[in-house]
Trainee: 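Take a look at this one; I'll ask things after.
Whatever order the structure lists ligands and atoms in, that order sets their numbers, starting from 1.
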Amino acid sequence: MKLDILAIGVHPDDVELGCSGTIINELKLGKRVGILDLTQGELGTRGTIETRYTEAAAAAKILGVEMRENLKMRDGFFRNDEEHQLKLIKAIRKYQPEVVLANVLNDRHPDHGRAGHLIADACFLSGLVKIETTDDKQNPQLRWRPKQILHYIQDWYHEPDLLIDISDVFEQRMKAVEAYSTQFYSSASGEEGVQTYISTPDFLDSVIARARMLGKRIGVKFAEGFITEKKIGIRNIDSLVLVET
Ligand SMILES: [Zn+2]
């Protein structure tokens, strides 16, 4: 299945928090978008593997993505090494995305930065013809290198290289985030169980505030921010948000 965009997150919910507005935007333009979770988030304080699968499926449905797959790496203990790179290369070659949306390269949760580097390395290595891999039916896979990797900003603030206007789809984006009712505050999960850094109403408020603050930088209501290692090229001036700021 060839995709235009593959959004990769180390924990189910990383993609929703980091770049789901951008995903909805692209789906509305008719692009084929999928989500790849690297781990099952099994070390999360709240919820279980089962509830996180249910929530991830519900969020995927709200977004309307083509596919969501989980590579079942070990939460907290996966490495950026040959074994994990090859696993990810197989997935990249399977879906052949033009653009990869990836975890950030340095963040509060060490998994995020390690995953960001793992994804960047695997995207590069996937383009090398002498790295041989096979698909699920043992057929050899073709080399594939995504043309651009955009690292979505997560918990720690980083100055973005690219800001994408998500004002029109912000409500749908927050619905996808709120699908993770064991992780984030919602009327259903309320104040039950052990509270964490992300389970209080304050955390969701901060998610909204971040999008609002990034939006303000480009003169729109809400935006998502990305960091890129390569330069961004655009085809024409029309792609620019032209608002006086
Ligand atoms: Zn995470």
Trainee: May I ask you to check if any N/O/S atom from D14 comes under 2.8 Å of the Zn ion (ligand 1)?
Mentor: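 It does; at least one qualifying atom falls short of 2.8 Å.
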
Trainee: Tell me, please, whether Y157 has R210 positioned over its six-membered ring: NZ or CZ under 6.0 Å from the ring centre and within 45 degrees of its axis?
Mentor: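 Pair R210/Y157 does not count as cation-pi.
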
Trainee: Is the distance between the Zn ion (ligand 1) and the nearest N/O/S atom of H112 smaller than 2.8 Å?
Mentor: yes

Trainee: Tell me, please, whether F78 has R114 positioned over its six-membered ring: NZ or CZ under 6.0 Å from the ring centre and within 45 degrees of its axis?
Mentor: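 Judged by the rule (NZ or CZ under 6.0 Å from the ring centre, within 45° of its axis), R114 counts as positioned above F78.
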
Trainee: Run Q172 and I62 through side chain to side chain contact (heavy atoms under 4.5 Å, CB included) and show every step you take.
Mentor: CA-CA 7 Å; Q172 193 180 341; I62 292 165; 4.2 Å; yes

Trainee: More than 12 non-hydrogen atoms from neighbouring residues, nucleotides or ligands closer than 6.0 Å to NZ on K2, yes or no?
Mentor: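 Above 12, so yes.
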
Trainee: Can you tell me which N/O/S atom of H11 has the shortest distance to the Zn ion (ligand 1)?
Mentor: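 Per the distance ranking, H11 contributes ND1 as its closest N/O/S atom to the Zn ion (ligand 1).
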
